[in-house]
Amino acid sequence: MDDIRKLIVGNWKMHGLKSALDEVDRLAELCSRGEPKADILICPPATLLSEMAGPCRDAGFFVGGQTCHHRLKGAYTGEISAEMLKDAGATHVILGHSERRLYNGETNEQVKAKAEAALSVGLIPIICIGETRTERDSGQAVAVVSQFLAGSIPDEIDDFIISYEPLWAIGTGLVPTPGEIAEIHMAIRQRVGGDIPILYGGSVKPDNAGRILSIANVNGALVGGASLKADDFYGIIKSA
Ligand SMILES: O=C[C@H](O)COP(=O)(O)O
């Protein structure tokens, strides 16, 4: 079994006003009761990043972005650069999330360029890949995930994270079988090598996290809905 330290990531997506900082305080209090066996990364909306960086750092948590532009500066109204995320205290950035590939039309080439921008300022990219229900049901899951891998990862890089997120498991309460997760994570492992963390994301909850995190080559989780409340998120963290 690989000895990569588990990473539990909370992707808050488009949730979180300043009052959500109370959840960071609550999570810090819960985690102070014992030594979590995982690193914890919270990716809030960009509007909260600077304000969260301090409390998270004090609690031993990392903070990250949910996307970044592929350029470091310029006339790109409404965009956020990797440099701005770094300046706000981020250490990681989620890239190519299926919700951005679907709703914003993000392509593999754009994800690759964003990853290069992130790496150029010292951010660790978390590159998301996954198949649709139709692709899973037609036996294409491994092929589709392999194509995303080939197209989204910059050449010659070694400090990045992959997150396998079957699109049909995001926000649905549905989770692949352990065998399905193991098969995909092994395929990713064979492609990226032994040191790259591979996270699973898609309806991870306190009651299934232990089982998912015990699967070979699952080095952590990318958690959406269950990361918004500290007690739920801690239920996943302590399963690591
Ligand atoms: O980024 C997180 C993934 O989209 C999973 O979201 P979820 O835990 O709400 O299914």
Side-chain angles (χ1 to χ4, degrees), residues 6-16 20 23 27 38-46 48-49 52 61-68 80 85 90-106 111 114-115 118 123-133 135-136 141 144-145 148 152 160-178 180-181 184-185 188 197-213 215 218-240:
K6 298 287 194 223
L7 173 66
I8 309 298
V9 184
N11 176 9
W12 285 13
K13 302 188 182 181
M14 194 170 77
H15 297 283
E23 295 302 323
L27 186 64
D39 287 334
I40 299 161
L41 166 67
I42 301 176
C43 297
L48 288 180
L49 198 51
M52 274 181 63
F61 307 153
F62 299 102
V63 290
Q66 296 182 17
T67 188
C68 68
I80 295 169
L85 294 176
T91 51
H92 299 68
V93 58
I94 298 169
L95 294 175
H97 192 284
S98 61
E99 289 154 359
R100 296 193 60 83
R101 291 179 190 262
L102 286 176
Y103 305 141
N104 298 59
E106 278 188 4
V111 173
K114 290 167 180 264
L123 291 181
I124 300 172
I126 300 174
I127 299 172
C128 301
I129 56 178
E131 82 283 356
T132 65
R133 181 81 256 179
E135 290 161 344
R136 162 65 58 188
V144 167
V145 164
F148 273 125
S152 302
F160 63 99
I161 296 169
I162 293 292
S163 184
Y164 167 55
E165 299 205 312
L167 277 62
W168 50 275
I170 296 174
T172 63
L174 301 173
V175 177
T177 66
E180 289 170 337
I181 295 174
I184 294 282
H185 279 241
I188 294 171
I198 308 170
L199 313 180
Y200 169 80
S203 292
V204 177
K205 306 296 180 191
D207 63 359
N208 64 24
R211 175 166 53 85
I212 293 170
L213 293 169
I215 298 170
V218 175
N219 307 120
L222 182 53
V223 183
S227 68
L228 297 174
K229 287 295 176 195
D231 289 76
D232 293 338
F233 196 38
Y234 182 66
I236 295 168
I237 291 164
K238 67 182 182 181
S239 300

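The shown structure was predicted, so the numbers you read here are calculated from the model rather than taken from an experiment. Each ligand, and each atom within it, is numbered from 1 in the order the structure gives.
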Would you list the atom pairs, donor with acceptor, under 3.5 Å between side chains in residues 199-208 and any protein atom, with sequence neighbours excluded?
{"from": "Tyr200", "atom 1": "OH", "to": "Gly202", "atom 2": "O", "distance (Å)": "2.8"}
{"from": "Ser203", "atom 1": "OG", "to": "Ala169", "atom 2": "O", "distance (Å)": "2.7"}
{"from": "Ser203", "atom 1": "OG", "to": "Thr172", "atom 2": "N", "distance (Å)": "3.4"}
{"from": "Ser203", "atom 1": "OG", "to": "Gly173", "atom 2": "N", "distance (Å)": "2.7"}
{"from": "Asn208", "atom 1": "OD1", "to": "Lys205", "atom 2": "N", "distance (Å)": "2.8"}
{"from": "Asn208", "atom 1": "ND2", "to": "Ser203", "atom 2": "O", "distance (Å)": "2.9"}

I want to know if ligand 1 touches [X] in the polar sense, i.e. an N/O pair below 3.5 angstrom.
X      : result
Lys13  : yes
Lys205 : no
Ile170 : no
Leu222 : no
Gly224 : yes
Thr172 : no

Would you confirm whether Lys6, through its side chain, and Val218, through its main-chain N or O, come within 3.5 Å as a donor-acceptor pair?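 Looks like yes, one N/O pair under 3.5 Å.
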
What protein heavy atom is closest to atom 3 (C) of ligand 1, reported as residue, atom name and distance in Å?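 Result: Glu165 OE2, 2.9 Å.
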
Return the residue, atom name and 0.1 Å-rounded distance of the protein heavy atom closest to atom 9 (O) of ligand 1.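 Result for atom 9 (O) of ligand 1: Gly225 N, 2.9 Å.
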
Within the 4.0 Å heavy-atom shell around Asn11, which atoms of ligand 1 are there?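 Within the 4.0 Å cut-off of Asn11, ligand 1 contributes 1 (O), 2 (C).
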
Should Asn11 and Val223 count as side-chain neighbours, where that means a heavy-atom distance under 4.5 Å?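 Answer no - side chains too far apart.
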
Test side-chain contact (heavy atoms from CB on, under 4.5 Å) on His185 and Ile215 and set out the steps. CA-CA 9 Å; His185 279 241; Ile215 298 170; 5.9 Å; no

contact_flag Cys128 ligand 1 heavy-atom lt 4.0 Å: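 Under 4.0 Å: no for Cys128.
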
Report yes or no: does a heavy atom of Ala226 sit under 4.0 Å from some atom of ligand 1?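 It does not; every heavy atom stays at 4.0 Å or beyond.
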
Cationic N near anionic O, under 4.0 Å, Glu131 to Arg136: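 So Glu131 pairs with Arg136 through a salt bridge.
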
